[in-house]
Amino acid sequence: MRKVLFSLLILGAAVCSAQEVLVKSPDGQVVVSVGTEGGKAYYTVKRNGLTVLERSQLGLTANYGDFVNGLTLEKSETGQLQRTYQMTRTKASEVNYEAGTLLASFVNGKGQRMNVEFRVSNRDVAFRYHLEPDHEGRPKSAVILSEASAFSFPDGTTTFLSPQSKPMVGWERTKPSYEEEYRADRPMTERSAQGEGYVFPALFKVPTPPGMLSHCLHNNPDAIINMSKTWVLLTETGINGSYVGSHLSDFAPSPFGEGGGRGSYRIAFPNPGENNGNGTATAGVPIPCTTPWRTITLGTLADIAETTVSYDLVEPLYEPSQEYKPGRYTWSWLLWQDESINYADQVQFIDLAAAMGFEYCLVDNWWDQRIGRDKIEELSRYAQSKGVSLMMWYNSNGYENDAPQTPRQCMNNPVARDKEMAWLQRIGVKGIKVDFFGGDKQPTMQLYEDILYDANRYGLQVIFHGCTLPRGWERMYPNFVASEAVLASENLFFGEGATIREGFDLTLHPFCRNATATMDWGGIIMNRYMSRDNASRHTRKTTDIFEMASGIIMQTSIQCVAMQPNNLQELPQFELDFLRQLPTTWDETRYIDGYPGKYVVLARRHGTQWYVAGLNAESAVKKLTLQLPMLAGQTVSYYVDNKKGEPQLTTLKIDKKGTAKVEIQPNGGIILK
């Protein structure tokens with residue numbers, strides 16, 4: 001991450017005392033109304049006149065005051081905000097953020113005040129709470145017991161959701177870990193699989209009333225294209241050790257009756273059973289305090305795929321101790337599993353990384369027992385002699401679950417962690433992957449932050465697995481790389497069902513999981529069989545071009561290219577050449593076409609070079625006419641599958657209008673560059 005640059009401009013503040021106030025996006029198309037009814041605070045969201053969120057509740061309950069009931073809107077202040085910042089580790093390197101702002105002040109029956117801050121950009125709405133002491137300076141600390149924050153969608157909205165897991169279940173009691181399956185195009189009334197609600201991010205498709213479509217067709221035909229495709233993506237950002245990580249409740253009745261639609265989803269705090277039952281499920285805060293942001297991205301699928309709201313609302317928490325290097329890594333464990341954690345096999349994957357020009361090699365679990373610390377020092381020296389740096393796996397535990405893999409007891413304790421990281425720095429290791437966290441309670445959020453902060457002092461980049469969703473962390477923590485927090489590639493090895501599902505997952509996540517945060521999917525897999533010998537067990541169901549294109553579709557600044565040593569002799573030269581030069585950082589991202597869980601086409605720019613990648617998860621050939629103005633008039637390299645699913649490298653002429661006709665085979669892909 002480069003130094004972050006800011007310019008902040010507050011314009012035209014206005015104060016009023018009405019019981020309902022409005023704040024609009026800079027283009028005027030997104031309108032948020034905030035007010036009270038029956039002593040309860042609410043907000044609504046409209047886009048182009050369409051109700052996207054009906055009357056949805058605001059408020060929270062603290063141990064010193066009720067900010068849910070008996071509220072009066074005392075005053076409000078509106079304004080405009082603009083700022084520019086730069087990053088290098090996400091979907092865009094420079095962002096210009098503009099938003100209308102609202103600060104609404106609510107008072108309860110005891111005269112205690114809760115302020116709600118809104119920011120409304122052209123594609124995002126965000127809000128958070130501010131609590132302040134009374135005129136005597138009390139209280140100075142508090143516990144947030146719950147939030148009433150809700151999201152009430154119009155009738156007919158369909159969902160793309162992943163359920164929250166019950167705590168202390170699954171393999172070695174390691175859940176929840178954000179690794180449940182997403183289901184697409186489901187009704188809102190469908191209960192979550194385990195009765196625990198749903199994780200962030202959460203994607204919704206909002207219908208447009210036929211009458212409104214007819215009105216737009218008559219009065220503004222151009223608007224109907226956007227009106228008929230309204231999508232909403234919910235998540236949160238700005239979580240660190242000062243709060244809990246939240247998720248969505250199951251769908252429940254709204255307190256506003258018809259004004260709140262059929263019902264709503266609410267912010268839900270962690271299950272008390274998380275973290276092996278240790279720690280509270282509530283948030284302890286100082287007063288005054290500011291809660292994390294709840295974010296609502298709305299509009300077309302382009303708005304969803306291109307949003308930067310997770311980063312727009314947060315600030316860097318510390319300076320990088322050095323310039324952190326993006327890149328690619330090899331990883332033996334994905335297909336060779338625990339048996340590969342030995343010195344000789346790791347040398348093979350270091351040599352593979354060197355042959356491909358990759359920057360890193362990840363050494364996975366049990367290395368302290370199967371290789372030993374002295375030999376790891378030797379292995380690190382060998383890697384460095386080949387121009388490769390090691391990344392090392394760690395267990396986060398602790399008391400949080402029963403995962404047995406070692407090294408354990410290194411990352412959960414500050415004294416042990418400091419000693420361990422000093423050793424890693426001394427032997428030239430450049431990153432760590434920390435696994436098996438226990439939930440979303442405040443102590444675990446603090447552990448994430450502590451690991452990141454300490455790792456920065458020793459020049460270490462960090463990947464988390466078996467973990468929570470990152471919430472703005474790419475900007476908050478300069479050495480944070482990515483989190484898993486998804487049903488990821490390791491499952492392709494464990495069972496054939498995941499290989500069948502891979503196309504669905506990787507065409508959904510550009511609009512959901514990976515739209516809000518970097519995602520360590522864990523592997524562009526080039527073996528045809530899910531085995532070391534590449535001749536046994538079940539097969540990969542996607543084509544080579546699909547896998548190569550997934551390296552562009554999936555966004556993370558250190559990408560796992562899960563090649564095996566045998567691939568150097570087996571793959572066509574043009575595939576090897578492409579993987580050797582695959583970028584992992586992007587200056588610009590544009591949505592081209594797609595539908596969540598069916599297909600996706602994205603364009604990403606690295607420097608002056610555009611890469612257009614497409615994936616097809618469906619069983620039929622996808623014939624598309626793409627609008628690619630950035631490639632207008634050019635003849636580009638075209639990586640595509642033939643009708644047998646075999647990889648081809650040819651060329652494609654883009655016409656002067658930027659139009660290109662392409663075909664993507666079932667479970668196949670395309671790349672234009």
Side-chain angles (χ1 to χ4, degrees), residues 8 41 58-71 74-75 77 101-119 126-149 200 236-247 266-270 272 274-275 278-295 310 313-319 412 414 437-454 456 468-473 475-477 480:
L8 182 62
L58 295 167
L60 55 81
T61 302
N63 63 345
Y64 74 94
D66 178 0
F67 298 98
V68 175
N69 301 296
L71 298 179
E74 184 182 57
K75 59 182 179 180
E77 181 177 346
T101 65
L102 168 69
L103 188 65
S105 182
F106 296 89
V107 176
N108 65 16
K110 294 183 178 181
Q112 297 167 318
R113 178 172 284 103
M114 173 188 72
N115 298 319
V116 187
E117 179 183 5
F118 277 86
R119 293 186 186 174
F127 66 88
R128 64 179 177 178
Y129 300 100
H130 300 265
L131 296 178
E132 57 188 60
D134 62 20
H135 64 280
E136 295 180 349
R138 298 176 183 276
K140 292 182 172 59
S141 63
V143 175
I144 308 301
L145 301 173
S146 63
E147 283 194 27
S149 308
F200 288 127
E236 60 183 7
T237 192
I239 307 281
N240 56 19
S242 64
Y243 214 75
V244 299
S246 303
H247 60 278
R266 292 180 177 273
I267 290 292
F269 281 3
E274 294 178 16
N275 298 72
N278 288 281
T280 67
T282 54
V285 297
I287 300 293
C289 82
T290 301
T291 69
W293 292 97
R294 314 302 177 200
T295 70
S310 294
L313 302 165
V314 299
E315 310 291 352
L317 297 179
Y318 51 77
E319 292 293 322
N412 62 299
F437 290 83
D440 287 339
K441 289 181 177 178
Q442 193 169 358
T444 305
M445 293 298 167
Q446 186 64 63
L447 178 59
Y448 287 116
E449 185 167 39
D450 290 345
I451 290 171
L452 286 162
Y453 181 76
D454 288 346
N456 181 61
T468 195
L469 176 76
R471 295 157 163 94
W473 294 356
R475 188 167 181 217
M476 294 162 66
Y477 307 106
F480 172 74

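The figures here come from the full heavy-atom set of this structure, side chains too, leaving out hydrogens, waters and symmetry mates.
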* To do: Over all heavy atoms of both residues, which pair between Ala281 and Pro270 is shortest? Give the atoms and the distance, please.
  => CB-O, 3.2 Å

* To do: Indicate the ring-plane relationship of Tyr318 and Tyr453, choosing parallel, tilted or perpendicular according to the 30° and 60° boundaries.
  => perpendicular

* Asked: How would you list, by chain and number, every residue that makes a salt bridge (charged side-chain N to carboxylate O under 4.0 Å, His left out) with Arg266, sequence neighbours excluded?
  -> none

* Structure fact -> CG of Leu447 to CG of Leu452, rounded to nearest 0.5 Å, is 9.5 Å

* Is there a side-chain contact between Ile239 and Thr468, using heavy atoms and a 4.5 Å cut-off? -> no

* Asked: Of all heavy-atom pairs between Ala62 and Ile144, which one has the smallest distance, and what is that distance?
  -> CB-CD1, 4.2 Å

* Asked: Within a strict 4.5 Å, meaning less than it, do heavy atoms of the Tyr129 and Ser149 side chains meet?
  -> yes

* Residue pair Asp66 / Asn108: nearest heavy atoms and the distance that separates them -> O-ND2, 3.1 Å

* Tell me, please, which residues at least two apart from Tyr448 pass ring pair (Phe, Tyr, Trp, His ring centres under 6.0 Å). => Phe437, Phe464, Trp473

* Structure fact -> Here the pair of heavy atoms bringing Pro133 nearest to Gly137 is CB-C, 3.6 Å

* Asked: Does any non-hydrogen side-chain atom of Glu117 lie less than 4.5 Å from one of Trp293?
  -> yes

* Measure the shortest side-chain to side-chain distance between Val143 and Thr280 over non-hydrogen atoms and say whether it is less than 4.5 angstrom. => no

* To do: State the CG-CG distance between Leu103 and Asn115, to the nearest 0.5 angstrom.
  => 5.0 Å

* From OG1 (Thr291) to CD (Glu236), nearest 0.5 Å -> 9.5 Å

* Between Val116 and Phe106, is any pair of side-chain heavy atoms under 4.5 Å apart? -> yes

* Structure fact -> Interatomic distance, OG1@Thr101 vs CZ@Arg119, rounded to 0.5 Å, equals 8.0 Å

* Structure fact -> Checking Leu131, Val107, Leu58 against Phe67 for side chain to side chain contact (heavy atoms under 4.5 Å, CB included), the one that qualifies is Leu131

* To do: Evaluate the ring planes of Phe269 and Tyr243, with Trp represented by its six-membered ring, and classify them as parallel (under 30°), tilted (30 to 60°) or perpendicular (over 60°).
  => perpendicular

* Asked: Are Thr290 and Arg128 close enough that a side-chain donor and a side-chain acceptor fall under 3.5 Å?
  -> no

* Asked: Does Thr282 reach the main-chain N or O of Leu145 with its side chain, forming a donor-acceptor pair under 3.5 Å?
  -> no

* Is there side-chain contact between Ile287 and Lys140, with at least one heavy-atom pair below 4.5 Å? -> no

* Structure fact -> Residues Ala41 and Leu71: closest non-hydrogen pair is CB-CD1, 4.0 Å

* Once you round to the nearest 0.5 Å, how far does OG of Ser105 lie from CE of Met114? -> 9.0 Å

* Answer yes or no: is there a side-chain heavy-atom contact under 4.5 Å between Glu449 and Leu317? => yes

* Asked: Ignoring hydrogens and geometry, is there a side-chain-to-backbone donor-acceptor pair from Gln446 to Asn240 under 3.5 Å?
  -> no

* Flag side-chain contact, heavy atom, 4.5 Å: Pro316 against Arg475 -> yes

* Would you sort out whether Asp440 and Met445 count as a side-chain contact (heavy atoms from CB on, under 4.5 Å), showing the intermediate values? => CA-CA 6 Å; Asp440 287 339; Met445 293 298 167; 3.5 Å; yes

* Spatial distance of atom OH (Tyr64) from atom NZ (Lys110) [nearest 0.5 Å] -> 11.0 Å

* Asked: Under a 4.0 Å N-O cut-off, is there an ion pair linking Glu274 with Lys441?
  -> no

